[in-house]
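Right, one structure below, let's go through it.
For ligands, and for the atoms within them, numbers begin at 1 and follow the listed sequence. Atoms considered below: every heavy atom in the structure, side chains included; atoms not considered: hydrogens, waters and symmetry mates.
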Amino acid sequence: MKPLHLLLIGPPGVGKGTQSELLESRLGIVPISSGVIFRAEIDAETDLGRLAKRYIDHGRLVPNGVTIEMMAKRLRSERVRQHGFVLDGFPRNTDQAVALEEMLNENELYLDRAIALVADDEVVVKRLSGRMGCTKCGSIYHTHSRPPTREWICDHCNSPLFIRSDDQPEAIRERLRIYHETTSPIIDYYSGQGILLRVDATHAPDVIYQEILAGLDR
Ligand code: AMP
């Protein structure tokens, strides 16, 4: 299969991470999640991690310069060239979208689809409130819709689960505000390029995944 180049747009908690996981495990596409990379940098206590933490803990965006540079490095990898990518959480504003286009042009790559996962704020707030992630492999769980088999233990790698520091009520409100103000305009940007696929993200993860697959064929 020809490598696919995708990106997922949507508010926090809409299921971008879950769909990236499914696209990776079922189609072998390489997920590149800016949030996951930032959290790994924070855990490793790097300079970038320390800088990013100051913004992330308050639900604000990390500055474009460091974010774009970090993503450019990932996009140049050989694995990405061979298996394609699904971007999750990047771009998050129009300047990042323009920078992404330039990076792809430089690497002779192009986007096949920008997938907008659509759900109301009240749906995503409910999802964020019960969300847990694996400290090691990044798998995502939810107290109601996707509980782990053993409490606080990852089904895939047996590592402990955690709740993100920015999944607290105040940071959630700020992240949603920034999403509507700064990130959602990029949906129009990709619509204008004729590569936008809108998917109703209120269904179960598998149903959403099937809708994405169907949309990729159209
Ligand atoms: P996420 O895991 O995608 O919800 O990202 C968690 C946090 O990381 C966000 O709330 C931002 O603070 C930061 N972040 C992730 N991606 C970006 C980006 N593309 N630009 C700026 N900040 C980002």
Side-chain angles (χ1 to χ4, degrees), residues 6-21 23-24 30-44 46-75 85-104 111 114-117 119 121 123-142 161-187 189-190 201:
L6 308 174
L7 68 82
L8 295 165
I9 313 167
V14 79
K16 300 186 295 294
T18 302
Q19 292 307 316
S20 303
E21 261 182 42
L23 287 160
E24 179 186 25
V30 180
I32 310 179
S33 158
S34 43
V36 168
I37 302 170
F38 280 135
R39 282 187 288 281
E41 296 280 339
I42 292 172
D43 289 346
T46 63
D47 288 343
L48 173 58
R50 272 186 282 275
L51 173 98
K53 188 168 167 46
R54 297 211 299 267
Y55 296 88
I56 292 177
D57 281 352
H58 299 286
R60 289 168 31 216
L61 292 190
V62 179
N64 280 347
V66 286
T67 304
I68 290 167
E69 196 185 317
M70 174 182 93
M71 297 307 280
K73 215 189 295 173
R74 298 303 195 289
L75 280 167
F85 61 75
V86 50
L87 289 170
D88 156 13
F90 179 88
R92 254 178 159 93
N93 56 37
T94 312
D95 285 348
Q96 292 183 6
V98 172
L100 172 65
E101 205 166 333
E102 286 167 6
M103 282 179 227
L104 294 177
L111 276 180
I115 303 160
L117 298 178
D121 283 5
V123 174
V124 298
V125 168
K126 211 184 271 173
R127 286 188 191 164
L128 288 172
S129 314
R131 182 161 82 166
M132 295 169 281
C134 174
T135 45
K136 190 160 170 221
C137 73
S139 295
I140 301 155
Y141 299 88
H142 193 279
L161 302 182
F162 77 113
I163 294 181
R164 286 169 43 171
S165 60
D166 57 349
D167 279 348
Q168 308 296 336
E170 211 165 290
I172 290 175
R173 269 196 298 279
E174 180 64 0
R175 286 158 68 205
L176 273 172
R177 188 187 68 75
I178 291 178
Y179 174 75
H180 291 300
E181 218 172 87
T182 312
T183 307
S184 64
I186 66 173
I187 293 179
Y189 179 86
Y190 290 114

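- Note: no N/O pair closer than 3.5 Å links K16 and ligand 1 by distance alone.
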- Message: Show, in sequence, the C-alpha distance, side-chain angles and deciding distance for D57 and S165, and conclude whether the side-chain hydrogen bond (donor to acceptor under 3.5 Å, both in side chains) test is met.
- Response: CA-CA 6 Å; D57 281 352; S165 60; 2.8 Å; yes
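- Applying the ring pair (Phe, Tyr, Trp, His ring centres under 6.0 Å) criterion to F90, with sequence neighbours excluded, gives no partner residue.
- Salt-bridge check for E181 with R177: passed, with a basic side-chain N closer than 4.0 Å to an acidic carboxylate O.
- Proximity of R60 to ligand 1, defined as any heavy-atom pair under 4.0 Å, is confined to the backbone N, CA, C and O atoms.
- Looking at G89 next to ligand 1, an N or O pair under 3.5 Å apart turns up.
- Checking only distances, V36 never comes within under 3.5 Å of ligand 1, N or O to N or O.
- Contact analysis puts R164 in contact with ligand 1, with a non-hydrogen atom separation below 4.0 angstrom.
- Counting heavy atoms under 4.0 Å from ligand 1, residue D88 does not touch it at all.
- Within the structure, the closest approach of R39 to ligand 1 falls below 4.0 Å when heavy atoms are considered.
- Here T67 has side-chain heavy atoms under 4.0 Å from ligand 1, and that is the only part of it that gets that close.
- Counting only N and O atoms by type, the side chains of Y179 and E174 include no donor and acceptor under 3.5 Å apart.
- The single protein non-hydrogen atom nearest to atom 15 (C) of ligand 1 is R92 NH1, 3.3 Å, given as residue, atom name and distance.
- Under a 4.0 Å N-O distance rule, the pair K126/D121 does not qualify as a salt bridge.
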